S.K.: 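Below: one structure in structure tokens.
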Amino acid sequence: MARYLITSALPYINGVKHLGNLAGSMLPACVQARFRRLQGHEVLYICATDEHGTPAELAAAEADMPVADYCARQHEIQKRAGADFDLSFDWFGRTSDPENHALTQHFAARLRAAGLIEERATRQVYSIDDARFLPDRYVEGTCPHCGYERARGDQCDNCSRLLDPAELIAPYSAISKSRNIEIRETNHLFLRQTALQSAIRAWVDAAENWPSLARSIAYKWLDEGLQDRSITRDLSWGVPVADESGPLPGYERKVFYVWFDAPIGYIAATQSWASAKGADWRRWWRRDQGAEDVTYVQFMGKDNVAFHTVSFPATILGSGEPWVMVDRLKAFNWVTWYGGKFSTSQKRGVFMDQAIALAPSDCWRWHLMAQAPEGADAAFTWELFQTSVNKDLADVLGNFVNRVLRFAQTRFDARVPAAGPATAAETTLFEKLTRALAEASAAHEAMEFRKAAAATRAMWVAGNEYLQEAAPWTAIKTDPERAGAIVHVAIQLVGLFAAISAPFIPRIAAQMAQAIGLSPENLAWPVSPNQIYVEPGAAFAPPDVLVKKIEDADIAAWTAEFGGG
């Protein structure tokens, strides 16, 4: 039994996340966690809401709430959305928890002691009309590199270049839209990433298990040359710039930059989990205290890769402590909304709370992973969603289960009939299943979700082809024993399909398992496709229709409400 620590990029606190956020981090992480659990491995899947920074302050002000109350409410909303989609977090924490404050301050102290943090006087944008310094992302203007007119002061969403607000052309306040801004001097702490460039490059060089997208982004940053980055901000909401003795002099009204404390939140959330469960968090994160055999896997969208391949590793390596570092980093492109970007701020696309009201969670889970944005961006359309649900889940999987069990209920008194000698039909079936099961296993191991979904569907298809060829409804007329043998095989396939489908569609998998008398909790990843799940004579009960088809009228209504088409 191996041990897997799995984290997905922390969803930001301001608002329910859209389908692109779901498909690019949390959902594939859940699929991987479920697959590893089915294999019998020890898994810890950790996530949390990312709660600090100016966006949280502004969203709270817009909601007319204290920022702490706003974040607490939004955390519960996002936690509920995750549960609605059966995201199998072992813990869904908060970066505002005391554990993250203490651990962030600990890392800062270690970095200062190592000479990797220094104070610098900086020239920062000050909005006279807003009466405040503006954090990088709340200065907007034209990107000096690509000309994008809505680039943020920290990063251009169009070309992904990291920016300094002072570089922007025609900058303005994203809060008030005022151009009445000026550059003022203020002191901040800088993490000396330049001093760690060689160590980070060596670490990336050794990361042979990363997909090409993650490696290419990391090398792009390294080849351009790392820059020392400010890790403090002139804000009130966040982790105070302090240590065991209290606030750092001159920094009483400053906090750590959200991108400094947020990744540390993976470790802190594990501490929160351990406190609640009476467990030991160190055996997951400290290589000197039991975590030397942990495989750490991260999932995120491509826009987060640089922070996880440079900034967070700089914090970990610079601390000089034996922390676990990521072994496999799975990066995703974007799910696009009819060719454009999903946007939380602009409310473009479908969001998790809206989606769950339209169709069951498994429909979304299957479609988003079958069309995962791995090699390139993946365009979401209502028509593609309808096809995934109707063709794959309803016509292929649902049709097989319902045909088999309803026929067996009528002809064999809802009892599993006896097995019989294998014929050419069974031989062909198990050859197909053996190949597809090997492909599915390999794809899950490689975290190639489209391939894993395709191989899973291929097994469903093989079951339908077997049923059509063997035709128990014809055999029953002249050879009831042969018909019973066919049904026996087909009912075992219901168990097989429940096991292989569980990472993607856990609720449908549970229905299939329960229909033939199996406990969903006892499902395991199969080592062979021809194992016996239920013995002859066992009772079963056909489920209701597993998947309701999406009608053209549904698509028309959803298009009218949400756009697209």
Side-chain angles (χ1 to χ4, degrees), residues 4 6 8 19-20 22-39 41 43 88 207-216 295 297-302 305 327-336 362-380 384-385 387-389 391-393 395-397 430-465 493 496-506 508-509 524-529:
Y4 288 89
I6 297 174
S8 53
L19 295 181
L22 179 64
S25 59
M26 294 179 285
L27 180 52
C30 172
V31 172
Q32 174 72 181
R34 289 180 179 275
F35 168 69
R36 295 301 186 185
R37 293 186 188 112
L38 284 166
Q39 287 184 309
H41 299 310
V43 174
S88 57
E208 298 178 353
N209 287 328
W210 292 6
S212 59
L213 177 61
R215 289 174 64 85
S216 65
T295 297
V297 188
Q298 289 180 343
F299 291 83
M300 67 196 66
K302 60 185 177 182
V305 169
D327 296 293
R328 304 178 67 187
L329 191 155
K330 176 68 174 183
F332 289 85
N333 291 285
W334 287 315
V335 175
T336 61
D362 278 354
C363 296
W364 298 105
R365 288 176 63 103
W366 174 256
H367 174 70
L368 293 172
M369 290 294 90
Q371 304 295 326
E374 292 174 302
D377 292 348
F380 176 88
L384 277 175
F385 178 57
T387 297
S388 289
V389 173
K391 299 298 184 184
D392 296 349
L393 298 183
D395 288 347
V396 180
L397 178 61
F430 286 110
E431 287 175 351
K432 291 179 181 177
L433 292 176
T434 298
R435 286 194 299 270
L437 178 59
E439 291 169 3
S441 299
H444 277 296
E445 292 281 354
M447 298 185 297
E448 294 177 336
F449 295 92
R450 278 185 179 239
K451 289 182 179 179
T456 300
R457 187 184 187 278
M459 285 186 267
W460 302 342
V461 169
N464 277 282
E465 290 173 344
L493 293 186
L496 174 69
F497 293 171
I500 63 167
S501 304
F504 291 113
I505 46 175
I508 293 174
W525 189 258
V527 295
S528 168

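Just so it is clear, the structure is predicted and the values come from calculations on it, not from any experiment.
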S.K.: Is it true that Ser388 and Trp366 share a donor-acceptor pair across their side chains at a distance under 3.5 Å?
M.R.: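 No, no side-chain donor-acceptor pair sits under 3.5 Å.
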S.K.: Check whether any side-chain N or O of Ser216 sits under 3.5 Å from a backbone N or O of Leu213 as a donor-acceptor pair, and report yes or no.
M.R.: yes
S.K.: Would you indicate whether Lys432, at its atom NZ, is surrounded by more than 12 heavy atoms from other residues, nucleotides or ligands within a distance under 6.0 Å?
M.R.: yes
S.K.: Taking Asp377 for its side chain and Pro373 for its backbone only, find out whether a donor-acceptor pair lies under 3.5 Å.
M.R.: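 Not at all, since once roles are kept as given, no pair shorter than 3.5 Å links the two residues.
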S.K.: Mind checking whether Phe380 and His367 have parallel, tilted or perpendicular rings, split at 30° and 60°?
M.R.: perpendicular
S.K.: When you measure from the side chain of Asn209 to the backbone N and O of Arg328, does any donor-acceptor pair fall under 3.5 Å?
M.R.: no
S.K.: Under 4.5 Å between any side-chain heavy atoms of Phe430 and Ser528, yes or no?
M.R.: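 No. Closest side-chain heavy atoms not under 4.5 Å.
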S.K.: Does a salt bridge link Glu445 with Arg36, judged by any charged N lying under 4.0 Å from a carboxylate O?
M.R.: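 Yes, charged N to carboxylate O under 4.0 Å.
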S.K.: Strictly below 4.0 Å, N to O, side chains only: are Glu374 and Lys330 in salt-bridge contact?
M.R.: yes
S.K.: State whether the side chain of Arg34 and the backbone N or O of Ser88 hold a donor-acceptor pair below 3.5 Å, judged by distance alone.
M.R.: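 Pair absent, no side-chain N/O of Arg34 close to backbone of Ser88.
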S.K.: So, the side chain of Asp362 versus the backbone of Ile508: is there a donor-acceptor pair under 3.5 Å, distance only?
M.R.: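 Yes; judged by distance alone, with no hydrogens or angles, the pair exists.
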S.K.: With under 30° as parallel and over 60° as perpendicular, where do the rings of Tyr4 and His41 fit, or are they tilted in between?
M.R.: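 Rings of Tyr4 and His41: tilted, as their planes differ by 30° to 60°.
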S.K.: Can the ring centroids of Phe504 and His444 be said to lie less than 6.0 angstrom from one another?
M.R.: yes
S.K.: Measuring from atom CG of Leu368 to atom CE of Met26, what distance do you get when rounded to the nearest 0.5 angstrom?
M.R.: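 Going from the CG atom of Leu368 to the CE atom of Met26 covers 11.0 Å.
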S.K.: Quick one: pull up CG in Leu437 and CG in Leu496 and give me the separation to the nearest 0.5 Å.
M.R.: 7.0 Å
S.K.: Under 3.5 Å, is there a donor-acceptor pair between the side chain of Arg365 and the main chain of Pro503?
M.R.: yes
S.K.: Give, for atom CG of Leu393 and atom CZ of Arg457, the distance between the pair rounded to the nearest 0.5 Å.
M.R.: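 Leu393 atom CG to Arg457 atom CZ measures 9.5 Å (nearest 0.5 Å).
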